[in-house]
Amino acid sequence: MTTGLCTDERFRAHVPPWEHPEKPERLAAIERALDEAGLPARMVRVAARPATRVELERVHGRAYLDELEATLANPPGNGSGWLDADTYFSRGTWVATLLAAGSTVEVATRVAAGELDNGLALVRPPGHHATGDQAMGFCLINNVAVAAAALEADGKRVAIFDWDVHHGNGTEAIFDANPRVLYVSTHEWPQYPGTGAAHHTGVGAGVGTKVNVPLRKGTDGPAYLEAYDRWVKPAIEAFEPDVILVSAGFDAHRDDPLGGLKLTEETYDTTLRHLLSVQPRLMMVLEGGYDLGAIARSTVRCAKTLLGDP
Ligand SMILES: [Zn+2]
């Protein structure tokens, strides 16, 4: 398999002002584990690149982008601050944010074009809570949405599967009325941000293309896979996507300090194998996940599966 891998030192320059779960060490832990498993040598390095204004404007409002750039490009004072109660910025944030979105587009585009069989983008800050005009939940620009919109502009049918423990309210809102982008999310319920009720299936022309699978605190791997088979599998199979984008947060892992689900590396692997059986043109982009060991082991397991290891 030709598996693309995109990550960059500059993602680590998005630095919290004090102790915060969404920290640069997350990527360092994943990269170290991939190295120890000898995986990067088997993958095709994709250079990180910033998203263009045209790419960003497909999903974010101009006024929001202008305001974000004005705040982040030359931050006042010591260079750090908060966009909401959870979402910080530092001097490196603007560059990291543009690179996170652009790198996700780059890997997704190469997978969709068949230059890569599949791919993995290890980026920060994460994206799935960012709406068209609001930063929230550690997210500023919605990386997976920017990538999905780029593929959609190229005529592709895109399915986004979001297995982060939190509902991807931003991604859903951006594509809520759009029937050409399927958004399927499994998430703990109740949990932040409070959206993702099972009865929400989209709005207007998009009704039926948004699938929410809320799961009780304590749901373990076998119970998760049962819910997956019942709700996720038929939705993704019926949509017949040209490409699958996975919003891959690993905070539904049993070791995660923020999430209350009890998934394991095995659960992610089983899920990923099914997704690949529906559409092998697939890319994963990192969202949340706050236990360094859990995110490192889970990413290694998924990367091996992307590479075609049994
Ligand atoms: Zn999350």
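Quick caveat, the model's predicted, so the values are computed rather than measured. As the structure lists them, so they are numbered: ligands from 1, and atoms in each ligand from 1.
For His20 and Tyr88, the ring centers sit closer than 6.0 Å to each other. A distance of 6.0 Å or more separates the ring centres of Phe161 and Phe239.
For the residue pair Asn212 / Glu172, a side-chain donor-acceptor distance below 3.5 Å is found, with atom types taken as modelled. With 3.5 Å as the limit, one finds no donor-acceptor pair spanning the side chains of Asn142 and His128.
No other N/O/S atom of His166 lies as close to the Zn ion (ligand 1) as ND1 does. The Zn ion (ligand 1) is closest to atom OD1 of Asp164 (considering only N, O or S atoms). When the N, O or S atoms of Asp251 are ranked by distance to the Zn ion (ligand 1), OD2 comes first.
In this structure, Trp163 and Phe250 have tilted ring planes: the angle between them lies in the 30° to 60° band.
None of the N, O or S atoms belonging to Glu287 lies under 2.8 Å away from the Zn ion (ligand 1). The Zn ion (ligand 1) has no N, O or S atom of His128 closer than 2.8 Å.
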